[in-house]
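Structure record follows, encoded as structure tokens.
Predicted, not measured: the structure shown is a model, and the values here were computed from it. To find a chain, count down the sequence lines: A is the first, B the second, and so on, and within it residues start at 1.
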2 protein chains.
Amino acid sequence: MNKEEQVIMGFRDLFNKMVWLNKFKMEDRLKDYKPSEVHCIEYIGRNVDSNVTKLAESFYMTRSAISKITKKLIEKGFIESYQKSDNKKEIYFRLTPQGKVINKVHEELHKEFRERDKAVFEQVTEEQFDSMLSFMERYSRHLDAEIKKLGVDSKSE
Amino acid sequence: MNKEEQVIMGFRDLFNKMVWLNKFKMEDRLKDYKPSEVHCIEYIGRNVDSNVTKLAESFYMTRSAISKITKKLIEKGFIESYQKSDNKKEIYFRLTPQGKVINKVHEELHKEFRERDKAVFEQVTEEQFDSMLSFMERYSRHLDAEIKKLGVDSKSE
DNA sequence: ATTATTTTGTTGACACGGAAACAAAATAAC
DNA sequence: GTTATTTTGTTTCCGTGTCAACAAAATAAT
């Protein structure tokens, strides 16, 4: 197995591991809240005028799925929807005070994760950081271009 | 946002993007086969004496899920189960000729993905590769240790 | 040897996410 | 200004994965 494959495979395994572990911790701390719900709360907390479409694109999920999650979050009172006077189609979301509490707990958890992984990151030099970041950015742009190709192709069929 | 967060977030976004795109391509080529099924076929093709438990641990999924997937794969004739004379409990899997065909197609696809991403990897120096790999390995071991802690704690409760 | 515990795999109920079909509003085309 | 197309969001149906409960075999404890 060459190094490219090692990077990809290691990448995948590491990611699965991290998601699994953090999900475990998350469910322990935020017992009644689903990961996807918390994830949405996080996004809505960070981005003003979030809507179903933006959330879906950001999470690589369907609008259908997001629509259901946000519906639940509204029922539970963590987010509320609002519209703008000049647009009767788009529906935006913002956190309620209750939602902000959840967001706070979520941020605390992330802080704990960072603390937990501090030792690993401390061994990384500035150059290594920059090298990894530039690699990821290049790779990401590359995939964006590939995805764009798909979009064009799928519509031209 | 500091560099650690950038790495983690970039990591997550990049991974989501890659999974989404490759899933798209995969479903285009292997129309009737589900990603999880193909994933299992890949693992069983690589590892002798695969069983439900090993697959579940490797994929960070429940035995329940794997049990259902493998059941389907047997019904479809892609894998077959066998046991050893000295153990009437454990059930192992191996690919059938038909399963090997799927595995072949799957490998072809991976080759295409590598080809597609070649340009990105060509810009990576040997030192950068080693640096990334050692980082991932360290991080992975670190998370393993954390997961191990969980196991001990959850049993000592 | 007998009993208790752990490991391994399966099943049924349920929740989550995707695909498709849909309605309503906004935008583009003419 | 009217019609066609696109965008945005929702709902229904269905497949997949998790959880909990379970049975059977293997292993540990005594």
Side-chain angles (χ1 to χ4, degrees), chain A residues 16 19-21 23-24 26-28 31-41 44 49-76 79-93 151-152 154-156, chain B residues 16 19-24 26-28 30-41 44 49-76 79-93 151-152 154-156:
Chain A
N16 282 339
V19 166
W20 187 89
L21 177 59
K23 182 167 170 285
F24 188 96
M26 188 91 76
E27 283 168 349
D28 186 55
K31 285 198 188 333
D32 302 324
Y33 315 105
K34 307 284 151 57
S36 61
E37 293 180 357
V38 178
H39 201 188
C40 276
I41 289 175
I44 293 169
D49 294 347
S50 304
N51 63 2
V52 167
T53 301
K54 285 182 202 160
L55 281 160
E57 284 173 356
S58 171
F59 296 171
Y60 289 89
M61 289 172 66
T62 60
R63 291 196 307 260
S64 167
I66 303 293
S67 177
K68 290 166 193 168
I69 294 171
T70 52
K71 188 182 175 185
K72 274 193 189 172
L73 288 175
I74 289 173
E75 283 166 4
K76 293 184 180 178
I79 65 173
E80 57 189 10
S81 63
Y82 63 95
Q83 290 189 296
K84 296 186 177 179
S85 54
D86 59 339
N87 191 319
K88 294 178 178 179
K89 188 172 63 164
E90 297 181 354
I91 301 169
Y92 305 99
F93 303 114
V152 173
S154 69
K155 281 182 183 173
S156 65
Chain B
N16 281 340
V19 167
W20 187 88
L21 178 58
N22 289 0
K23 182 167 169 285
F24 188 95
M26 188 91 75
E27 284 169 349
D28 186 55
L30 292 167
K31 285 200 189 329
D32 302 325
Y33 314 105
K34 306 285 151 58
S36 61
E37 293 180 357
V38 178
H39 200 190
C40 276
I41 289 176
I44 293 169
D49 293 347
S50 304
N51 62 2
V52 167
T53 301
K54 285 181 202 160
L55 281 159
E57 284 173 357
S58 170
F59 296 172
Y60 289 89
M61 289 172 64
T62 60
R63 290 196 308 255
S64 170
I66 303 293
S67 177
K68 289 168 189 169
I69 294 170
T70 52
K71 188 181 175 186
K72 274 194 190 171
L73 288 175
I74 290 173
E75 283 167 3
K76 293 184 180 178
I79 65 173
E80 57 190 9
S81 62
Y82 63 95
Q83 290 189 294
K84 296 184 176 178
S85 55
D86 59 340
N87 191 320
K88 294 178 178 177
K89 189 173 63 164
E90 297 180 353
I91 301 169
Y92 305 99
F93 304 112
V152 174
S154 68
K155 281 183 183 172
S156 66

Report summary line: In this structure, CE of M61(B) is separated from CD1 of I69(B) (nearest 0.5 Å) by 4.0 Å

Query raised in the report: Does a side-chain N or O from N51(A) land closer than 4.0 Å to OP1 or OP2 of dT8(D), or not?
Result: no

Requested in this report: Would you kindly give the NZ-to-P distance between K84(A) and dT7(D), to the nearest whole Å?
Outcome: 19 Å

**Report entry** SB check E27(A) K34(A) (cutoff 4.0 Å)
**Finding:** no

Query raised in the report: What are the residues of residues 61-71 of chain A, sorted by number, that bring a heavy atom to within less than 4.0 Å of DNA chain D?
Result: R63(A), S64(A), S67(A), K68(A), K71(A)

Query raised in the report: Taking atom P of dA25(D) as reference, at what distance in whole Å does atom CD1 of I91(B) sit?
Result: 11 Å

Query - Short side-chain N/O contact from K72(A) to OP1 or OP2 of dC16(C), under 4.0 Å - result: yes

Report summary line: The salt bridge (Lys or Arg N to Asp or Glu O under 4.0 Å) partners of K71(A) (sequence neighbours excluded) come to none

Report summary line: Atom CG of L55(B) and atom C1' of dT10(C) are separated, to the nearest Å, by 15 Å

Requested in this report: Report the distance from atom CG of N16(B) to atom C1' of dG17(C), rounded to the nearest whole Å.
Outcome: 14 Å

Report task. Working to the nearest 0.5 Å, report the span between OG of S81(A) and CZ of F93(A). Result -> 6.5 Å

Query raised in the report: Is a side-chain donor or acceptor of Q83(B) paired with a backbone partner of E90(B) at a separation under 3.5 angstrom?
Result: yes

Requested in this report: Check the angle between the aromatic planes of W20(A) and Y60(B) and answer parallel, tilted or perpendicular using the 30° and 60° thresholds.
Outcome: tilted

Report task. Take atom CD1 of I79(A) and atom C1' of dG9(D), then tell me their distance rounded to the nearest Å. Result -> 13 Å

Query raised in the report: Rounded to the Å, how far apart are Y60(A) OH and dG18(C) P?
Result: 14 Å

Query raised in the report: How long is the span from the CD atom in E80(A) to the OG1 atom in T70(A), to the nearest 0.5 Å?
Result: 13.5 Å

Query raised in the report: Across the strands shown, which category fits K23(B) at heavy-atom distances under 4.0 angstrom: base, sugar-phosphate, nothing?
Result: nothing

Requested in this report: Could you check how far CD of E57(B) sits from P of dG17(D), rounded to whole Å?
Outcome: 18 Å

Query raised in the report: So, are K54(A) and D49(A) salt-bridged, with charged N and O less than 4.0 Å apart?
Result: no

Please list each protein N or O that sits under 3.5 Å from an N or O in nucleotides 26-28 of chain D, with the distance.
| unit_1 | atom_1 | unit_2 | atom_2 | d |
| --- | --- | --- | --- | --- |
| dA26(D) | OP1 | K88(B) | N | 2.7 |

Query raised in the report: Within this structure, what is the CZ-to-C1' distance between F24(A) and dT18(D), rounded to whole angstrom?
Result: 14 Å

Query raised in the report: Side chains of Y92(A) and N87(A): is there a donor and an acceptor less than 3.5 Å apart?
Result: no

